Amino acid sequence: MEEELKQIGERLKGLRDVLDIPAEEVAELCGITKEQYLRMEEGESELSVANLQKIAKQYGVSLDVLLFGEEPHMSSYFLTRKGQGMSIERRKAYKYQSLASGFRGRKADPFIVTVEPKPDDAPKEMNSHNGQEFNMVLEGTLQLSIGPKTVVLNEGDSIYFDATQPHGMRALNGQHVKFLAIIF
């Protein structure tokens with residue numbers, strides 16, 4: 001996981017260098033301080049997928065390039081077999097498996113997300129991003145907060161929401177939760 005974070009940080013730094021973008025500009029786009037952003041470039045802290053998506057859209061690069069270092073090549077279809085999608089662990093508690101990483105010019109980013117349980121007193125990380133999001137629980141029980149509202153989703157339940165609203169999730173019952181997330 002640490003090596004993946006360092007690689008993402010190197011790609012972010014490379015993007016800034018090539019396009020001559022000040023760190024302050026990227027930090028402002030992500031809604032964080034310059035110092036926080038520079039720690040992410042050094043691989044000492046992680047950047048949310050939502051912020052990586054903001055950076056990708058703002059500077060015209062594929063999210064896959066930032067996450068995996070690969071440019072998508074397929075344009076008619078892209079097949080992902082069970083358990084074979086490119087994956088990244090953003091932090092100990094979250095794993096993202098991309099289901100369309102090789103499809104060029106896609107309009108949505110589908111992921112299988114696995115969230116590990118945390119202590120009940122651990123703070124819930126909230127984030128927001130442009131667009132909309134669809135989540136469908138495949139395994140476990142997910143607590144999802146969207147703005148001031150909190151809902152509990154069980155296996156088979158789904159939700160579609162405005163992703164500009166601050167949102168955060170937690171695995172319940174001391175067990176991991178796996179869900180399909182599609183970010184539009």
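As the structure is a computational prediction, the values presented were derived from the model and not from experiment.
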With sequence neighbours excluded, residues passing side chain to side chain donor-acceptor pair (under 3.5 Å) with Gln143
Lys124
Please list, chain by chain and in numerical order, all residues satisfying side chain to side chain donor-acceptor pair (under 3.5 Å) with Glu24, sequence neighbours excluded.
Lys34
Would you indicate whether the side-chain heavy atoms of Tyr96 and Ile112 approach each other to under 4.5 Å?
no
Which residues pass the side chain to side chain donor-acceptor pair (under 3.5 Å) test with Asn154, sequence neighbours left out?
Thr141
Would you give the length of the straight line joining atom CD of Gln7 to atom CG of Leu66, rounded to the nearest 0.5 angstrom?
13.0 Å
Would a single hydrophobic cluster contain both Leu144 and Met126, if residues Ile, Leu, Val, Met, Phe, Trp and Tyr are joined by side-chain heavy-atom contacts under 4.5 Å?
no
Nearest-0.5 Å distance, CD of residue Glu41 to CD of residue Gln36
13.5 Å
Under the salt bridge (Lys or Arg N to Asp or Glu O under 4.0 Å) test, which residues partner Asp17, sequence neighbours left out?
Lys13
Working for side chain to side chain contact (heavy atoms under 4.5 Å, CB included), residues Asn51 and Met40
CA-CA 11 Å; Asn51 278 332; Met40 292 171 191; 6.0 Å; no
Just verifying a value: how many Å separate Ile21 CD1 and Leu15 CG, rounded to the nearest 0.5 Å?
4.5 Å
Sort and list the pairs that fulfil ring-ring contact (aromatic ring centres under 6.0 Å, His included) and have at least one residue in residues 44-66, not counting sequence neighbours.
none
Please examine the side chains of Asp109 and Gln53, heavy atoms only from C-beta on, and report whether any two atoms are closer than 4.5 Å.
yes
Among Val152, Val137, Val151, Ile159, find the residue that satisfies the side chain to side chain contact (heavy atoms under 4.5 Å, CB included) test when tested with Leu142.
Val137
Compare every heavy atom of Thr150 with every heavy atom of Ser145, then report the nearest pair and how far apart it is.
OG-OG1, 3.0 Å
Could you go through residues 169-183 and list every donor-acceptor pair under 3.5 Å that involves a side-chain atom there, pairing it with any protein atom two or more places apart or in another chain?
unit_1: Arg170; atom_1: NH1; unit_2: Pro119; atom_2: O; d: 3.3
unit_1: Arg170; atom_1: NH1; unit_2: Ala122; atom_2: O; d: 3.3
unit_1: Arg170; atom_1: NH2; unit_2: Ala122; atom_2: O; d: 2.8
unit_1: His176; atom_1: NE2; unit_2: Glu139; atom_2: OE1; d: 3.0

Set of side-chain contact (heavy atoms from CB on, under 4.5 Å) partners for Glu44, sequence neighbours left out:
Arg39, Glu42
As an exercise, state the distance from OG of Ser128 to NZ of Lys54, rounded to the nearest 0.5 Å.
4.5 Å
Enumerate the ring-ring contact (aromatic ring centres under 6.0 Å, His included) contacts for residues 143-163, please, sequence neighbours excluded, ordered by first and then second residue.
Tyr160-Phe184, Phe161-His167
Does Arg16 use its side chain to pair, donor to acceptor, with the backbone of Pro22 at less than 3.5 Å?
no
Rounded to the nearest 0.5 Å, what separation is found between the OG atom of Ser158 and the CG atom of Leu153?
8.0 Å
Atom CD in Glu25, atom CG in Leu29: separation rounded to 0.5 Å?
8.0 Å
Apply the test side chain to side chain contact (heavy atoms under 4.5 Å, CB included) to residues Met136 and Asp157: give CA-CA distance (whole Å), side-chain angles for both, the deciding distance (0.1 Å), then the verdict.
CA-CA 6 Å; Met136 180 175 181; Asp157 292 345; over 6 Å; no
Minimum heavy-atom separation for Phe111 and Ser98, please, with both atom names.
CD2-CA, 3.7 Å
Okay, side chain of Gln58, backbone of Ile55: is any donor-acceptor separation there less than 3.5 Å?
no
Going by the rule side-chain contact (heavy atoms from CB on, under 4.5 Å), which residues pair with Gln165 if we only count those two or more places apart in sequence or in a different chain?
Ile146, Asp162
Set of ring pair (Phe, Tyr, Trp, His ring centres under 6.0 Å) partners for Phe134, sequence neighbours left out:
none
Tell me, please, which residues at least two apart from Asn130 pass side chain to side chain donor-acceptor pair (under 3.5 Å).
none
